[in-house]
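So the structure is just underneath, and the comments pick up after that.
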Amino acid sequence: MTGAALPTGTSPVDTDLLLKLDGVSMQYGRGETAVTALAGVDLQVRRGELVAVMGASGSGKSTLLTVAGGLTPPTAGEVIVEGHWLSQLSARELAVLRRRSLGFVFQDFNLIPSLTALENVSLPLELDGWSAKKAHRPALDALRIVELGDRAQHFPADLSGGQQQRVAIARAVVGGRSLILADEPTGALDSTTGELVLRMLRSRVDAGAGGILVTHDARHAAWADRIVFLRDGRIVDESRASAVSSLLGGLPL
Amino acid sequence: MSVRQSLLAILNQGPCYGYQLRAEFDRRTGSTWPLNVGQIYNTLDRLERDGLVQKASADKDSADAESHNTFEITAAGRLEVAHWLDSPVVRTTATRDELAIKLAIAVTLPGVDIAHVIQVQRTATFRTLQELTRTKNATDNPESAEQLAWLLVVDSLIFAAEAEARWLDHCENRLARALAAGTATPLPLSTDVPKRGRPTKARA
Ligand SMILES: Nc1ncnc2c1ncn2[C@@H]1O[C@H](COP(=O)(O)OP(=O)(O)OP(=O)(O)O)[C@@H](O)[C@H]1O
Ligand SMILES: [Mg+2]
């Protein structure tokens, strides 16, 4: 609990700190069948930072993302997004923050079956008050980046698994959201398409967003600035890229 | 060894002298495995001994030292290059894998926190992977054959590091299972001490 914590936005604002998890724990269920999915996680994501999360199945990676994205409140600890303490926000404020600031790529894509690819991608903008017409342009741009410009009018059921995944990614980045939370965004993709998605995530982050990338693939995690390892709901290790590579002579010109 | 064959393959394009060969090798491999000129001339000597290269017929006009050290490939050398490019590189027995040896020994020693050994290694492996990825990503699209060759080298290091990371995960799981099953007890020194001196022939 936060008790008499600072209300939203009155702490000295560190504008580069996009996300802060402070002693976050998450327990599903009660009593005998209770499962502790997160146990006291501290994590920060700053502007320009991509953090990868790795860990065995069931270690709490998806839970970490849903809690960080304000989709479920933690059972203990505090989540702070762009200086807002999520526990202090009303449901409506939380919805607005999620729509404007957070892009979420779900492990199971979560596309709306009755909407076309383009409509799925436009949806967060339209919910935010954009006209459909105005929203379609950035939505189409986002689809083009993931090389699905020619599938804009398809419904999810008519797309392959990897294509659906890319629509979900386009939806997460459309409109320049500042914090991208991606759960296995490359899981259904071949290695070239996977690289395309990582390159896009990386460029969004380099342009000033922040991101968390959950992945089982070490090569994909290596695109991040930091890699944290979860085990049984705890961060047990972390790898930070050093600024300068000492491994190679460098690029032949 | 691939340095020998690489130099031969370069000579297959035309006669070279030692420094020139070094420069050609470096620019084709992104200077990842620097060679010194001594190594190059040693290799050339052995290639010459094996009849795969020969001293180039000296240029009549220039009597400088360099032209004496210019080598050209022989017909046998060309065959050797073709054979090299046509056959797989077999990695297994030749190189000792230091990490595999380290973990194999560590798992048999009393009082070693092998899970910690694995974790320390994995952190280092991931850092390597991150650095390599970052280095690679600085070159979005190769613009020359040198860059392309260099990217292939970096990719190979990335995939090797990835394989190491996965192997470490696997070791960790195997270890956890062995601990649970009680089969991970360390090995004390064997009381069955081998005799000193040369091993004697086993009796039939
Ligand atoms: N809604 C839920 N109700 C009950 N338990 C849950 C719920 N969601 C997750 N869990 C449990 O919480 C733990 C962490 O689950 P989580 O989905 O975060 O794992 P994960 O690291 O994302 O795994 P995976 O790699 O398989 O996606 C698991 O033991 C899981 O069974
Ligand atoms: Mg998951």
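In what follows, chains carry the letters A, B, and so on, assigned in the order in which the sequence lines appear, proteins first and then strands, with residues in each chain numbered from 1.
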Under 4.5 Å from any heavy atom of chain A, what part of B:E164 do you find: side chain, backbone, both or neither?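 B:E164 has no heavy atom closer than 4.5 Å to chain A.
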What class does the angle between the rings of B:F71 and B:Y41 fall in, given that below 30° is parallel, 30 to 60° is tilted and above 60° is perpendicular?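 The arrangement is tilted - the two ring planes meet at 30° to 60°.
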Toward chain B, the part of [X] with a non-hydrogen atom under 4.5 Å:
| X | value |
| --- | --- |
| A:E195 | side chain |
| A:R226 | backbone |
| A:D217 | side chain |

Is the shortest side-chain heavy-atom distance between A:S101 and A:L179 below 4.5 Å?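 The answer is no, as the side chains (C-beta and beyond) never meet within the 4.5 Å cut-off.
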Can a salt bridge be assigned to the pair B:E24 and B:R27 using a cut-off of 4.0 Å between side-chain N and carboxylate O?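 A salt bridge is present here (some side-chain N lies under 4.0 Å from a carboxylate O).
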Go through the side-chain N and O atoms of A:T215 and A:E184 and say whether any donor and acceptor fall under 3.5 Å apart.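 A:T215 vs A:E184: no donor-acceptor pair found between side chains.
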